[in-house]
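Structure, as structure tokens:
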Amino acid sequence: MAWKASSSQASVGGLGSGALSHVFIQYPPLRCNIPGSRGFYYDDGNKLLISPTSDQIFSWKTAPFSPLAAPITDSITEGPICSVRFSLDEKIIAVQRSNISIQFWHRETGETFTHRCKTESDSILGFFWTDCPSCDIVIVKTSGLDLFAYDSASKSLILVETKKLAVSWYVYTHESRLILLASGMQCKTFHGFQLSSAGIIRLPKFEMVMAKPEANSKPVLASEDVYIVTVYGRIYCLQVDRVAMVLHSYRFYRDAIIQQGSLPIYSSKVAVSVVDNVLLVHQVDAKVVILYDIFADSRAPISAPLPVLLRGFQRSDISNSRPSTKESESSEASDSNDNEAIIYGADWTFLVPDLICDVANKLLWKIHLDLEAISASSSEVPSVLEFLQRRKLEANKAKQLCLAIMQTMILERRPITMVAKAMDVLVTSYSLSLKTGSYFKGIKTERTPSSVPNVSGPGQATDVFTSRTDGKSVQHEPATGVNSVSFSRPSTYSSSETEDNCIFEPSKISSNDTQFVGGKVDASVESSTTDNPLNASVSEQQESQLTSPAISPDEMYRSVFAPIEEEMTVEPSYLVAIILEFFRCANLERVKVHPSLYVLTIQLLARSEQYAELSLFIINKVIEPSKEVALQLLESGRQSLQIRKLGSDMLRQLSLNHDYVLLLVQDGYYLEALRYARKHKVTTIRPSLFLEAAFTSNDSQRLAAVLRFFSDFIPGFRSTSDFFTYYNVLNEMSSSVTA
């Protein structure tokens with residue numbers, strides 16, 4: 001997608017309204033200022049930001065995100081804290097006290113117990129809760145994985161299985177249920193396991209690519225350089241290569257891990273966010289962010305490198321909300337206000353997929369895309385529409401932008417071929433949404449605590465301010481879970497319409513986690529593995545699919561074609577040509593066009609007196625037959641008998657007998673209408689309609705014929721009020737004629 005810098009339209013107060021950005025954070029943030037706080041941890045399993053003190057744990061729900069969210073407080077005993085995670089049902093709190101012990105609290109009863117390593121040579125790197133059927137919690141040690149089941153009766157952990165592996169460090173996200181264990185001198189050799197509700201799957205061993213520096217040294221891969229992400233329902237891994245200055249992408253399949261390509265990076269410090277399946281690569285040193293859509297045909301970004309915008313900030317916000325009589329207090333409020341306005345601060349920690357924790361100022365921000373600014377930044381309309389049609393979080397805004405773009409193209413009389421390509425995108429997207437059911441799908445946005453969250457984070461309850469210094473450290477810097485990029489695709493649209501609803505289910509699972517047959521797979525045979533992709537869980541992906549941005553033909557008519565026709569700002573011939581292109585697109589995708597659009601086409605052609613073309617469109621069924629079309633042909637046929645006849649024939653062909661009889665009566669063919677009604681058993685028309693029409697014609701013979709017809713064919717008609725009324729009228733008409 002070709003791009004150019006664009007200006008966000010949002011007012012940003014003291015920062016100026018003309019700031020350039022495609023990504024923004026909304027003021028105010030979630031303020032997490034707790035006295036005596038020992039830092040922050042992120043529990044991606046429950047979407048909780050956790051801040052412990054010496055004897056308490058404060059936790060904030062981050063989804064749905066609310067800057068006014070109040071913390072939940074739990075009491076614990078004093079002691080060192082390395083990491084904190086809640087069980088998936090949020091009934092138990094687990095606190096890692098050291099590299100050999102984890103303490104557990106039952107939140108309702110207050111009961112507690114401690115789990116310790118059996119041997120002092122083992123060191124706990126971290127732990128996480130899981131919804132795997134065979135275990136509840138996984139403890140990651142330097143010697144491998146210990147899988148435990150929690151026994152609520154004995155309030156203890158029962159060892160289910162041990163996986164012996166040498167581990168330097170690990171990365172895990174609850175969203176993917178995937179853990180990667182690093183080993184080797186350079187920490188570039190990985191073992192992977194997926195622990196989901198489908199069971200435990202062992203992935204093939206693989207190595208990540210690392211460029212060799214000029215000096216005779218071997219760089220060591222750090223945990224903060226590896227990220228597991230889920231994009232469009234697919235699980236990827238991104239790896240920062242600081243020597244080559246690229247971001248390598250890998251995709252996981254059941255029997256292979258395949259490198260998908262690389263993205264350039266321009267900063268020694270890189271962070272990554274994922275917003276609505278869009279990859280945001282933050283070049284932290286340069287304080288800009290580059291956006292990538294993994295379904296783009298090239299590795300080019302979809303927008304210019306621009307900073308994150310702070311939207312809605314006013315420098316008087318805090319000073320006004322915190323009045324003080326002392327100058328020192330006023331100064332403190334002003335300083336706090338200024339600190340909240342810092343972008344890309346030194347203590348910013350990015351939490352996948354779309355959160356930023358400002359550790360120094362104890363703030364939590366949520367990242368948003370400015371779809372309007374992104375749309376305005378590109379001149380390639382089809383690419384913009386494809387991008388918007390893949391958006392789910394702000395589906396309604398994406399839909400409205402698409403409609404506005406289409407209307408603008410037509411009003412500006414863009415070339416018909418260009419408009420046709422744009423309509424191809426929208427119709428194809430709508431067709432796909434119908435096939436997958438996403439157009440009509442309404443998805444709940446809230447789940448019980450035990451259900452799967454949509455936010456991925458580091459392998460353990462990440463300490464978001466303590467960097468990992470070596471393989472034995474128990475604290476990880478929140479490896480800003482990075483999105484990987486797939487640079488090849490079979491079609492324009494994400495297969496996530498179907499794929500993101502497919503949970504990875506192994507065909508065979510054994511207690512020994514037997515590895516699937518496959519061995520090494522070269523990237524050239526990727527198609528052989530695409531039938532076995534490693535996907536995220538269903539509920540993870542559903543949360544992001546709130547509605548569909550797909551546009552129906554009815555919406556195209558009401559929001560694009562009808563307003564343009566009403567304003568009379570476009571020549572009828574040009575608008576007809578555009579509508580015909582829309583018919584072509586709909587026909588290719590077997591999408592039903594709304595009858596109102598056919599009616600509009602007839603009106604435009606009749607207005608231009610293009611009756612010959614209109615006749616051909618009707619005969620060749622370019623305009624599909626319907627009651628609305630037939631009635632419009634009758635209306636437009638007032639100036640053309642041929643068009644009117646096409647309308648009457650269409651009524652008869654569609655077996656719209658009631659309307660056809662009314663048409664005959666309207667044209668004065670009373671007896672023919674009566675015969676047709678009798679032949680086709682049309683019982684919905686009252687005799688008074690015919691009698692009134694015959695009387696209005698002031699022709700006594702017609703009135704007599706109609707009375708005779710009903711008297712002969714409707715039993716008991718002679719005893720009705722209609723008969724006596726119009727029989728007397730007929731006698732009066734006959735008397736006046738005789739006189």
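All values below were derived from every heavy atom in this structure, side-chain atoms included, with hydrogens, water molecules and symmetry-related copies excluded.
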task = Step by step, work out the side-chain hydrogen bond (donor to acceptor under 3.5 Å, both in side chains) result for Thr142 and Ser123.
result = CA-CA 6 Å; Thr142 53; Ser123 179; 5.3 Å; no
request  = Using the side-chain hydrogen bond (donor to acceptor under 3.5 Å, both in side chains) rule, take Glu111 and Thr109 through it: C-alpha gap first, then chi angles, then the decisive distance, then the call.
outcome  = CA-CA 5 Å; Glu111 295 177 303; Thr109 64; 3.2 Å; yes
message = Between Phe86 and Ile57, does the side-chain contact (heavy atoms from CB on, under 4.5 Å) criterion hold? Intermediate values first, please.
response = CA-CA 11 Å; Phe86 287 67; Ile57 289 180; 4.3 Å; yes
request  = Could you walk me through whether Lys155 and Tyr150 pass the side-chain contact (heavy atoms from CB on, under 4.5 Å) test, one step at a time?
outcome  = CA-CA 7 Å; Lys155 300 296 186 295; Tyr150 172 70; 3.1 Å; yes
task = Report the C-alpha separation of Leu49 and Asp43 in whole Å, then their side-chain angles, then the decisive distance to 0.1 Å, and conclude whether the side-chain contact (heavy atoms from CB on, under 4.5 Å) test is met.
result = CA-CA 6 Å; Leu49 183 67; Asp43 180 357; over 6 Å; no
request  = Start with the C-alpha gap between Ile200 and Cys132, add the side-chain angles, then the distance that decides, and say whether side-chain contact (heavy atoms from CB on, under 4.5 Å) holds.
outcome  = CA-CA 7 Å; Ile200 303 173; Cys132 182; 3.5 Å; yes
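Side-chain atoms of Ser267 and Gln283 include no donor-acceptor pair closer than 3.5 Å. Checking Ser176 against Thr230 by side-chain atom types alone, no donor-acceptor pair falls below 3.5 Å.
In this structure, Ser303 OG and Tyr292 OH are separated by 9.0 Å, a value rounded to the nearest 0.5 Å. Once rounded to the nearest 0.5 Å, the distance linking CH2 of Trp348 with CH2 of Trp365 reads 7.5 Å. Separation of atoms OG (Ser152) and NE2 (His106) is listed at 7.5 Å; rounding is to 0.5 Å. One distance of note links CG of Leu180 with OH of Tyr170; it measures 12.0 Å at 0.5 Å rounding. Here CD1 of Ile367 is found 13.5 Å from CD of Gln26. Values are rounded to the nearest 0.5 Å. Here CG of Leu364 is found 11.0 Å from OG of Ser66. Values are rounded to the nearest 0.5 Å.
Under a 4.0 Å N-O distance rule, the pair Lys269/Asp285 does not qualify as a salt bridge. At a threshold of 4.0 Å, the pair Arg85-Glu90 does not count as salt-bridged, since none of the basic side-chain nitrogens sits closer than that to a carboxylate oxygen.
Judged by distance alone, with hydrogens and angles left aside, the side-chain atoms of Arg177 form a donor-acceptor pair with the main-chain N or O of His174 at under 3.5 Å. For Asp276 (side chain) and Leu393 (main-chain N/O), a donor-acceptor pair under 3.5 Å exists by modelled atom type. With hydrogens and angles ignored, the 3.5 Å screen pairs a side-chain donor or acceptor of Asn46 with a backbone N or O of Ser87. Remark: side-chain polar atoms of Ser51 are not paired, donor with acceptor, to backbone N or O of Phe40 under 3.5 angstrom. Looking only at distances, a side-chain donor or acceptor of Asp358 sits under 3.5 Å from a matching main-chain atom of Asn361.
Side-chain atoms of Asp293 and Leu279, non-hydrogen and from C-beta on, never get closer than 4.5 Å to each other. In this structure, the side chains of Leu48 and Tyr42 stay at 4.5 Å or more apart for every pair of heavy atoms. Using a 4.5 Å heavy-atom threshold, the side chains of Asn277 and Arg390 count as separate. Between Lys392 and Pro549, some side-chain heavy-atom pair lies under the 4.5 Å cut-off. For the pair Thr77/Arg97, a side-chain contact is recorded, criterion being any heavy-atom separation below 4.5 Å from C-beta on. A heavy-atom distance below 4.5 Å is not found between the side chains of Val272 and Leu280. With contacts defined as side-chain heavy-atom distances shorter than 4.5 Å, the pair Arg116/Ile100 does not qualify. The shortest side-chain heavy-atom distance between Val140 and Phe128 falls under the 4.5 Å cut-off.
The heavy-atom pair separating Leu195 from Asp131 by the smallest distance is O-OD1, 4.1 Å. Shortest non-hydrogen contact noted between Ala271 and Phe350 is CB-CD1, 3.3 Å. Scanning all heavy atoms of the two residues, the minimum distance from Phe104 to Ile137 falls at CE2-CD1, 3.7 Å. Between Leu369 and Phe24, the shortest heavy-atom distance links the atoms O-CE2, 3.6 Å. Counting all heavy atoms, side chain and backbone alike, Gln96 lies closest to Gly126 at OE1-CA, 3.7 Å. Closest heavy-atom contact between Pro307 and Lys287: CB-O, 3.4 Å.
By the salt bridge (Lys or Arg N to Asp or Glu O under 4.0 Å) test, Lys399 is found to be paired with Glu555, residues two or more places apart in sequence or in another chain being considered. Annotation: side-chain hydrogen bond (donor to acceptor under 3.5 Å, both in side chains) contacts of Gln239 (sequence neighbours excluded): Tyr250. Under the rule for a side-chain hydrogen bond (donor to acceptor under 3.5 Å, both in side chains), the partners of Arg107 that lie at least two apart in sequence or sit in another chain are Asp74. Legend: residues meeting ring-ring contact (aromatic ring centres under 6.0 Å, His included) with Phe148, ordered by chain and number and at least two apart, are His115. Scored by the side-chain hydrogen bond (donor to acceptor under 3.5 Å, both in side chains) test, Ser154 finds Asp151, Ser156 as partners (sequence neighbours excluded). Qualifying side-chain hydrogen bond (donor to acceptor under 3.5 Å, both in side chains) partners for Tyr344, counting only residues two or more places apart in sequence or in other chains: His282.
Note that Arg391 lies in the cation-pi zone of Phe387, set by a 6.0 Å cut-off to the ring centre and a 45° limit from the axis.
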